[in-house]
Amino acid sequence: MHELNLDGLPGPSHNFGGLASGNLASMKHRFETSRPRLAAMQGLDKMKRVYDLGIPVAVMPPHQRPCLPVLRELGFSGSDGELLSAARREAPELFYGAWSSSAMWSANAATVSPAADSRDGRVHFSPANLVSQFHRALEADFTSRLLKRIFPPGPHFAHHPPLPANAALRDEGAANHLRFWDVTNDGDSPGVEVFVYGAAAYPSSGQSRAPSRFPARQTLEASQAVARRHGLDSRRTLFLEQNPAAIDAGVFHNDVISVAHEHLLLYHEDAFAAGEDAVDQIRNAFPALVTVRVSRDELSVEEAVQTYLFNSLLLSLPDREGEFALFLPEECRNHDRARDCVERILAGTNPVSEVHYVPLRESMKNGGGPACLRLRVALDDQALAGMHAGIRYTPELDGELRRWVETHYREELRFNDLVDPQLIEESNVALDLLTQILELGAIYEFQRISASEGKEPS
């Protein structure tokens, strides 16, 4: 069994829109000058470090931005330049939303259930509808099309549409999903899937209390729907409520306060509404569970949000059976209490044997750490061979992508640049070339329109 890391690549219009309520880093850096070229290079550096450990990595291309069709649907018209100027003047939040860079965080792209867990023995994908935020809801359709291109529907892969775009079915993808499995059977035995939700849409569901400062993004009802459509065994599927106080402290997704891999759970004591009872539920369903608990005395929830200690990657080391590597943002190394926690984890009786600090400042300023940039997809040999090979990370692809970024990404991007239609042209040229590098064909709207009109893509 292979756990593919499908990494989102920041796009040529990477910017700090500060759009996400409850994402404190995003809100703090709103409208700052961004560095698109650096953002992409930092993402590629992270992919290389994971690949160098012998772990499969693949590249998830950026979404086309701005999303001009939605601005036209909302009543803006004229040339691209006229449309952008009018939208910024009359509806700035919609304008900034259309330029959102958030699709780089592929952890929100979908929820994925491995073949071993599903009733029909296929890998199941449910693209997240992301309806809790306007700018993120724009991602669902393209993500769905892209995932089908990467993992062709058929004997290995099953694709579901995003859940209906309704507040009762708010779905944020794998950022609120944990999975535990027994590696002694090479990962072929069913795992235990844990869905973490922030709110129950209906009072009968029995939520403890709603957060009061920031919205809960994932609903219980959405999580239950994803589990049903993936054909999961109810005896091996859990639904745990996120701590509402943690949401109010800036834990907008569960992956900001807990992370799991194979049989290990690294979590903060304030992660779940039920506290240690929630961890006991996981242990009852998965007796081989090993836990590393960080107490609020060691690191407050606010410090966990500030450093993204839990938004890390836990990865198996292929050349060292039973040992894990922990990939952390550099912010953890620069924070005394977070660094002390990491050193305590390394010294403890748990599978983590090495730590890698990765510089991801551009992503971190926008509110996403190492885990946000990665969607986990567990695949057997046949499924891995059946996916689209052009996006698989190799040193050769890395070189091509770095040359592409150097040529087509701006060093800096200021918010006034977002009304310049030349930026759209630059981005489209870059994305068109990227689809050739990744051998994806015409996946972007501007390419599909050009093809239907018999034109060459710009």
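Both backbone and side-chain heavy atoms feed into the values below; hydrogens, waters and symmetry mates do not. Note that the structure is a prediction, hence the values are computed from the model and not measured.
To the nearest 0.5 Å, the span separating OG1 on Thr111 from CZ on Arg229 amounts to 9.5 Å. Rounding to the nearest 0.5 Å places CG of Asp248 at 9.0 Å from CG of Asn243. Here the CD1 atom belonging to Ile55 is positioned 14.5 Å from the CE atom belonging to Met47, to the nearest 0.5 angstrom. Interatomic distance, SG of Cys372 versus CG of Asp7, reported as 11.5 Å (0.5 Å rounding). Rounded to the nearest 0.5 Å, atoms CG (Leu147) and OG (Ser126) are 10.0 Å apart. A distance of 10.0 Å separates OH of Tyr444 from CZ of Arg65, quoted to the nearest 0.5 Å.
The only option from Arg344, His268, Arg337 that meets the side-chain hydrogen bond (donor to acceptor under 3.5 Å, both in side chains) definition with Glu298 turns out to be Arg344.
Side chain of Arg136 to backbone of Ser102: a donor-acceptor contact under 3.5 angstrom is found. Under a 3.5 Å cut-off, the side chain of Thr219 and the backbone N or O of Ala200 do not form any donor-acceptor pair. When atom types are taken as modelled, the side chain of His2 and the backbone of Leu4 share no donor-acceptor pair closer than 3.5 angstrom. Put simply, the side chain of Asn366 gets close to the backbone of Asn15: a donor and an acceptor are under 3.5 Å apart. Of the possible polar contacts, none joining the Ser34 side chain to the Phe16 backbone as a donor-acceptor pair under 3.5 Å is found. Of the possible polar contacts, none joining the Glu354 side chain to the Ala325 backbone as a donor-acceptor pair under 3.5 Å is found. A donor-acceptor pair under 3.5 Å is absent between the side-chain atoms of Asn254 and the main chain of Val196, judged by distance alone. Panel note: side chain Asp117, backbone Gly191; a donor-acceptor pair is recorded below 3.5 Å. Within the 3.5 Å criterion, the main-chain N or O of Ser353 finds no donor-acceptor partner in the side chain of Glu323. A distance-only check finds no donor-acceptor pair linking the side chain of Arg149 to the backbone of Ile443 [under 3.5 Å].
Listed here is the closest heavy atom pair of Ile257 and Ala271: CG2-CB, 3.6 Å. Residues Ile247 and Pro215 come closest through the heavy atom pair CG2-O, 3.8 Å. The nearest pair of heavy atoms linking Ala109 to Leu375 is CB-CD2, 4.4 Å. Minimum interatomic distance between Gly386 and Pro152 (heavy atoms only, all atoms of both residues): O-CD, 3.5 Å. Annotation for Leu265 and Ala260: closest pair CD1-CB, 4.2 Å, computed over non-hydrogen atoms. Shortest non-hydrogen contact noted between Tyr197 and Ser223 is CB-OG, 4.2 Å.
Here the side chains of Phe157 and Phe125 are in contact, with some heavy-atom distance below 4.5 Å. The shortest distance between side-chain heavy atoms of Asn129 and Asn166 does not fall below 4.5 Å. Counting only heavy atoms from C-beta outward, the side chains of Phe324 and Leu315 never approach each other to under 4.5 Å. Here the side chains of Met387 and Arg392 are in contact, with some heavy-atom distance below 4.5 Å. Between Arg293 and Val279, the closest side-chain pair of non-hydrogen atoms is not below 4.5 Å. Val251 has its side chain out of reach of Phe310: every pair of non-hydrogen atoms, C-beta onward, lies at least 4.5 Å apart. Contact check for Asp398 versus Leu44: side-chain heavy atoms found under the 4.5 Å cut-off. The shortest side-chain heavy-atom distance between Met41 and Arg402 falls under the 4.5 Å cut-off.
Aromatic rings of Tyr409 and Trp404 (six-membered ring for Trp) have centroids within the 6.0 Å cut-off, being under it. Proximity of the aromatic rings of Trp99 and His14 is defined here by a centroid distance below 6.0 angstrom, and this criterion is not met.
Every pair passing salt bridge (charged side-chain N to carboxylate O under 4.0 Å, His left out) that includes a residue from residues 120-134 is listed here, sequence neighbours excluded: Asp120-Arg122. Under the salt bridge (charged side-chain N to carboxylate O under 4.0 Å, His left out) criterion, the residue pairs touching residues 150-175 are Glu172-Arg217, with sequence neighbours excluded. The stretch residues 374-383 participates, sequence neighbours left out, in these salt bridge (charged side-chain N to carboxylate O under 4.0 Å, His left out) pairs: Glu3-Arg376.
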- Show the numbers, then the answer: is there a side-chain contact (heavy atoms from CB on, under 4.5 Å) between Leu6 and Phe151? CA-CA 12 Å; Leu6 183 56; Phe151 305 100; 4.1 Å; yes
- Item | side-chain contact (heavy atoms from CB on, under 4.5 Å) between Asp432 and Gln447, worked out | CA-CA 7 Å; Asp432 185 49; Gln447 294 173 316; 2.8 Å; yes
- Begin from the C-alpha positions of Ser258 and Phe272 and carry the test side-chain contact (heavy atoms from CB on, under 4.5 Å) through to its verdict. CA-CA 9 Å; Ser258 78; Phe272 306 109; 4.2 Å; yes
- Worked verdict on Leu401 versus Leu434 for side-chain contact (heavy atoms from CB on, under 4.5 Å): CA-CA 8 Å; Leu401 291 175; Leu434 179 63; 3.5 Å; yes
- Message: His159 vs Ser144, test: side chain to side chain donor-acceptor pair (under 3.5 Å). Steps then yes/no.
- Response: CA-CA 8 Å; His159 292 266; Ser144 183; over 6 Å; no
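The pair Asp52-Lys48 meets the salt-bridge criterion, since a charged nitrogen lies less than 4.0 angstrom from a carboxylate oxygen.
With 3.5 Å as the limit, one finds no donor-acceptor pair spanning the side chains of Ser363 and Gln42.
Applying the ring-ring contact (aromatic ring centres under 6.0 Å, His included) test to His335 and every residue at least two apart in sequence or in another chain returns nothing. Not counting sequence neighbours, the partners of His160 by the ring-ring contact (aromatic ring centres under 6.0 Å, His included) test are His124, His230. Ala227 meets the side-chain contact (heavy atoms from CB on, under 4.5 Å) test with Phe195, Leu232, Thr237, Phe239; sequence neighbours excluded.
Taking the six-membered ring where tryptophan is involved, the planes of Trp181 and His261 are perpendicular, since the angle between them exceeds 60° and thus also 30°.
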